[in-house]
2 protein chains.
Amino acid sequence: MLIVNDVKWTDTLSFRLGAVGALVADQYAEALAVHDLKPKHVGLLGVLDSGLAASQLEIAKLMRVAPSLVVSLADRLESMGAIERLRDPADRRRQILSLTGKGRDLLAECTAKALALDANLAADLTSSQHAELSEALGRLAASLGLPVRG
Amino acid sequence: MLIVNDVKWTDTLSFRLGAVGALVADQYAEALAVHDLKPKHVGLLGVLDSGLAASQLEIAKLMRVAPSLVVSLADRLESMGAIERLRDPADRRRQILSLTGKGRDLLAECTAKALALDANLAADLTSSQHAELSEALGRLAASLGLPVRG
DNA sequence: TATTGTTATACTCTATAACTATA
DNA sequence: TATAGTTATAGAGTATAACAATA
């Protein structure tokens, strides 16, 4: 067994975060399939809910995706009635996106699905471990520039 | 601010694991670019090092990827001299893969790169938080069927 | 001329399906 | 006939580049 500084490849945080993150993302994508949505659609709903960005370009920067991807994500959500596009009267180039009531409901359902997945994951952890994990991930997320609540 | 059961979308473990995992995976992929390798190449080296699988089909199952992907990963690693393919004398359909000395060195370097990334991440955590995070992720990884030590 | 959004195109990753060799 | 590996093909997801409208 190869060991570097007494640490195996699978013992690194990097491997575990990457691998566990990918599996959880897959499971979440599967849970969203019933709504015919991808995790990034939920991400966009979340951004609008947070109020951190409203124009498509701002959203693209916050989500770290190409502006063209925001177009297709928003197209889908708009066709579902989850969001509305409004031309900014002060600058008619900008599309201001906002959640509709239906969009808020949808985000609530998608959050509930995430919480259900969380519960499955938490089954393998003590409640204090769960709390520590959430706290540590929150710090990492914040330091990586992801939007997280205080 | 929309809150479900007093929890926001970005507060879920699912979101944080998925998002942080993706960012860490991207950073790791970038760190590997100097070797012209992808994280899955390192995964294959790790599988061989672990001894949990040797034939390509066994490796594909353990890594949860298509057998055809193992072919291309192994082609690359073989061309670099990191692994060797040996026909199983008992069943000449099977290719038994094994790490070469160069492959072991490469895995060591890739593990060192992961540890360097870990150190960056750990800068945002107390050492006990780091340990708790690693422990919790290890449990989740094990319960998701990923190979982890201890 | 610079910027926002959109459309058209291309690229990366990976899976599925067809095929070869061996059992 | 069934299985291990390989090759060929196709699809999903996303970025880049070209374009249109507005500033």
Considering only heavy atoms and no angle criterion, is a donor-acceptor pair shorter than 3.5 Å present between the side chain of A/Arg92 and the base of D/dT22? no
Out of C/dT4, C/dG5, C/dT16, minimum distance to the side chain of A/Arg87 belongs to C/dG5
From CG of B/Asp26 over to C1' of D/dG13, roughly how many Å is that when rounded to an integer? 13 Å
Let's test your reading of the model: under 3.5 Å, does the base of D/dT14 pair with the side chain of A/Ser72 as donor and acceptor? no
Counting just side-chain N and O atoms, does B/Gln56 come under 4.0 Å of either OP1 or OP2 of D/dT6? yes
Nearest-Å distance, CD (A/Glu58) to C1' (C/dT4)? 11 Å
Could you state the CZ-P distance from A/Arg76 to D/dA12, rounded to the nearest angstrom? 12 Å
Given D/dG13, C/dG5, C/dC13, which nucleotide is nearest the side-chain atoms of B/Lys38? C/dC13
Once you round it to whole Å, what is the distance between P of C/dT22 and CZ of B/Arg93? 11 Å
Taking the side chain as everything from C-beta on, heavy atoms only, tell me whether B/Gln56 gets closer than 4.5 Å to B/Val71. yes
Nearest to the side chain of B/Arg94, which nucleotide is it out of C/dG5, D/dG5, D/dT22? D/dG5
Could you check which of C/dT16, C/dA23, D/dG5 has an atom nearest any side-chain atom of B/Leu57? D/dG5
With the side chain of B/Asp75 defined as its heavy atoms from C-beta on, choose the nearest nucleotide among D/dA2, C/dT6, D/dT7. D/dT7
Does A/Lys40 or B/Asp91 map to a spot on DNA chain D nearer the 5' end, using the closest nucleotide for each? B/Asp91
Grab the NE2-C1' distance between A/His41 and D/dT14 for me, whole Å please. 12 Å
Of B/Val71 and A/Val65, the one whose closest nucleotide on DNA chain D sits nearer the 5' end is B/Val71
What's the CD1-C1' distance between A/Ile96 and C/dG5, to the nearest Å? 12 Å
Round to the nearest Å and state the distance from A/Gln95 atom CD to D/dA20 atom P. 18 Å
Could you check whether B/Ser14 and A/Asp118, counting side-chain N and O atoms only, form a donor-acceptor pair closer than 3.5 Å? yes
Do B/Leu125 and B/Leu137 land in one hydrophobic cluster if side-chain heavy atoms of ILVMFWY residues count as linked below 4.5 Å? yes
Could you tell me the separation between the CG atom of B/Leu69 and the P atom of D/dT9, rounded to a whole number of Å? 19 Å
Contact under 4.0 Å: B/Arg85 side-chain N or O vs D/dT6 OP1/OP2: yes
Quick check: do B/Trp9 and A/Asp49 have side-chain heavy atoms less than 4.5 Å from each other? no
Would you say the base of D/dT16 and the side-chain of A/Ser68 have a donor-acceptor pair closer than 3.5 Å? yes
Count the heavy atoms of every other residue, nucleotide or ligand shown that sit under 6.0 Å from CD of B/Glu30, and state whether that count exceeds 12. no
